[in-house]
Amino acid sequence: DLEKYGQCPFRYFSAKLLGLEAIDEPVLEINALTRGTLLHDILENFYATLIKNKKARLSGSEHELKILLAAAKESFRKLEKNGAQGNPYIFRIEKEKIEDELAIWLTIEREDQAGHRFTPTGVEVSFDVKKRNKNALEPLKIKMADGKTRNLVGTIDRLDIDEANNALRIIDYKSGANGNKYKEMVERENMGITSFQPPVYMLLAREHAIRAGLLPSVDFLSGGYRLLRARKLKDAYIITDKVKRRGKVTLPVDDGQFLNVLDTPPEGSFLNLLTGAIELIENGKFPVNPQKCDYCDFIGLCRYVKSPEHAESRE
């Protein structure tokens, strides 16, 4: 929701306060949202099974692929039971495509684990106030200028731990293919402005890891995205401090200052920017001021058209 506000305050206003939604047009195949939810469900069940059996460190065995395909079969069954699969004949083809994608995903996961000591330790780690999930953890408490606190909630798709180096990595699954978009989201200069999910989840995960005794301390903290449709390891993980832009200096995110948890966050820190965004929302500031209009459901409502930046480009 905070990222909706960062992309465009009017988009947040339309979706959250007015409760408007895109027209749900009938389609023969499952839509992108349903497909993404389906993949999340499959991967959650796969790693949950391995973590339970203390085998989340992948070995490359055929048994792992069998567990993954069994998780997929169960998720397919639940989708079909709810009647959300669309045309059954098209969904039969879609299932085969998803199974092929999962096999590639598993190969890349093995390559990723072979390159470091990060091991999946938690899936769908939920932080909630209302405890709708019985296993939900405490939310992130943010102290505002009025002295009161605000609770930030969310669910981390996957939590990876490297015990040898006291390192923590949070992963959010994305079924979209736009890698450049997510590279921008893990850059420090965009955090607290258009990007909120990675830093909020990193702060939540750090508190949880120490409180739960998963690590004695968190010396290295990173987070970002796993693109589920990537076909190569180099394109699959987009993580803070790992994205290199040509001719550009990338500022570290977990430098001891930017992601601090002090009562009075210094200007320019993430929590300072975060509280500023919350204050704008609570004060009813919802201008039509888009950073990007990609995938917006309200273009016809706001009728925003960007004017030319240079007089000579008007033609």
Side-chain angles (χ1 to χ4, degrees), residues 30 34-81 85 91-126 135 155-177 179 182 201 205 208-209 212-215 220 222-239 242:
I30 58 174
T34 302
R35 197 181 199 276
T37 302
L38 177 64
L39 288 170
H40 275 68
D41 190 54
I42 294 169
L43 301 183
E44 175 192 354
N45 292 334
F46 170 71
Y47 265 130
T49 300
L50 296 186
I51 291 169
K52 182 179 178 181
N53 296 322
K54 298 182 179 180
K55 293 184 177 180
R57 195 79 193 164
L58 300 175
S59 64
S61 69
E62 281 297 316
H63 184 60
E64 290 167 350
L65 179 58
K66 288 181 180 179
I67 294 174
L68 180 58
L69 294 179
K73 185 177 181 179
E74 176 60 20
S75 295
F76 294 154
R77 187 193 65 78
K78 288 193 293 185
L79 191 72
E80 291 169 324
K81 183 179 179 181
Q85 81 280 13
F91 187 57
R92 186 184 301 170
I93 299 172
E94 186 68 20
K95 287 192 290 187
E96 293 179 2
K97 288 172 60 178
I98 289 174
E99 287 175 348
D100 289 341
E101 289 176 9
L102 290 172
I104 295 171
W105 174 87
L106 183 58
T107 299
I108 293 175
E109 287 295 290
R110 290 165 178 165
E111 290 180 28
D112 178 62
Q113 287 194 17
H116 55 65
R117 296 183 179 181
F118 278 115
T119 303
T121 307
V123 291
E124 293 296 303
V125 183
S126 177
N135 298 318
T155 301
I156 299 173
D157 288 340
R158 198 175 91 209
L159 189 63
D160 296 350
I161 285 181
D162 175 355
E163 292 183 356
N165 295 299
N166 286 339
L168 191 62
R169 181 177 77 169
I170 66 102
I171 299 297
D172 192 65
Y173 293 136
K174 295 295 182 184
S175 53
Y182 298 116
Y201 284 3
H208 166 59
L214 300 176
L215 292 173
F220 302 95
S222 62
Y225 306 98
R226 168 66 160 97
L227 304 190
L228 301 181
R229 288 188 170 184
R231 304 186 73 86
K232 294 181 180 179
L233 176 58
K234 66 181 182 67
D235 303 319
Y237 282 88
I238 299 176
I239 306 296
K242 296 294 183 183

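Below, each value reflects all heavy atoms present in this structure, side chains not excepted, and no hydrogens, waters or symmetry copies. The structure presented is a predicted model; accordingly, all values stated were derived computationally and were not measured. The first residue in the sequence is number 1, and the count goes up from there.
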Decide yes or no on side chain to side chain contact (heavy atoms under 4.5 Å, CB included) for Thr119 and Ile51, but give the supporting numbers first.
-> CA-CA 9 Å; Thr119 303; Ile51 291 169; over 6 Å; no
Take Leu228 and Glu101, measure what side chain to side chain contact (heavy atoms under 4.5 Å, CB included) needs, and give me the verdict at the end.
-> CA-CA 8 Å; Leu228 301 181; Glu101 289 176 9; over 6 Å; no
List the steps and the verdict of side chain to side chain donor-acceptor pair (under 3.5 Å) for Tyr47 and Glu109.
-> CA-CA 11 Å; Tyr47 265 130; Glu109 287 295 290; 2.8 Å; yes
Using the side chain to side chain contact (heavy atoms under 4.5 Å, CB included) rule, take Thr121 and Asp160 through it: C-alpha gap first, then chi angles, then the decisive distance, then the call.
-> CA-CA 5 Å; Thr121 307; Asp160 296 350; 6.0 Å; no
Trace of the salt bridge (charged side-chain N to carboxylate O under 4.0 Å, His left out) decision for Lys73 with Glu99 = CA-CA 9 Å; Lys73 185 177 181 179; Glu99 287 175 348; over 6 Å; no
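Note on ring orientation: taking the six-membered ring where Trp is involved, the planes of Tyr225 and Tyr182 are tilted (angle from 30° to 60°).
A ring pair (Phe, Tyr, Trp, His ring centres under 6.0 Å) check over residues 52-76, counting only residues at least two apart or in different chains, returns the pairs Phe76-Phe91.
In this structure Asp172 satisfies the salt bridge (Lys or Arg N to Asp or Glu O under 4.0 Å) test together with Lys174, sequence neighbours excluded. Judged as a side chain to side chain donor-acceptor pair (under 3.5 Å), and not counting sequence neighbours, the contacts of Glu80 are Lys95.
Under a cutoff of 6.0 Å and an axis angle of 45°, Arg169 and Phe118 form a cation-pi pair.
Other residues, nucleotides and ligands place no more than 12 heavy atoms under 6.0 Å from the CZ atom of Arg117. For Lys78, the NZ atom sits in a packed shell: over 12 heavy atoms of surrounding residues, nucleotides or ligands are nearer than 6.0 Å.
Scanning both residues, Ile238 and Gly179, for their nearest heavy atoms gives CD1-O, 3.5 Å. Scanning both residues, Phe220 and Asn165, for their nearest heavy atoms gives CD1-O, 3.3 Å. Closest approach of Leu215 to Glu163, counting heavy atoms only: CD2-CA, 3.9 Å. The shortest heavy-atom contact between Leu168 and Ala209 is CD2-CB, 4.0 Å. Closest non-hydrogen pair, Ile171 versus Asp157, comes out as O-CB, 3.3 Å. Of all heavy-atom pairs spanning Ala230 and Ala236, the tightest one is CB-CA, 3.6 Å.
Judged by distance alone, the side chain of Asn45 and the main-chain N or O of Asp41 form a donor-acceptor pair under 3.5 Å. Counting only distance, with no hydrogens or angles, the side chain of Arg57 and the backbone of Pro120 share no donor-acceptor pair below 3.5 Å. Side chain of Glu111 to backbone of Leu233: no donor-acceptor contact under 3.5 angstrom is found. Remark: side-chain polar atoms of Tyr173 are not paired, donor with acceptor, to backbone N or O of Leu39 under 3.5 angstrom.
Side-chain contact check for Leu58 versus Leu50: some heavy-atom pair is nearer than 4.5 Å. Annotation: side chain of Gln85 is not in contact with side chain of Glu94 (no heavy-atom distance under 4.5 Å).
The distance from the CZ atom of Arg229 to the CD1 atom of Ile98 is 8.5 Å, given to the nearest 0.5 Å. Here OG1 of Thr34 is found 7.0 Å from CG of Leu79. Values are rounded to the nearest 0.5 Å. Here the OG1-CD distance, from Thr49 to Glu44, works out to 9.5 Å after rounding to the nearest 0.5 Å. Note that the CD1 atom of Ile161 and the CG atom of Leu214 stand 4.0 Å from one another [nearest 0.5 Å]. With values rounded to the nearest 0.5 angstrom, Arg110 atom CZ is found 10.0 Å from Trp105 atom CH2. Interatomic distance, Leu106 CG to Leu68 CG, rounded to the nearest 0.5 Å: 5.5 Å.
Side-chain polar atoms of His116 and Asp162 form no donor-acceptor pair below 3.5 angstrom.
At a threshold of 4.0 Å, the pair Asp112-Arg226 does not count as salt-bridged, since none of the basic side-chain nitrogens sits closer than that to a carboxylate oxygen. Contact check on Lys55 versus Glu64 returns no salt bridge, with no Lys/Arg side-chain nitrogen under 4.0 Å from an Asp/Glu carboxylate oxygen.
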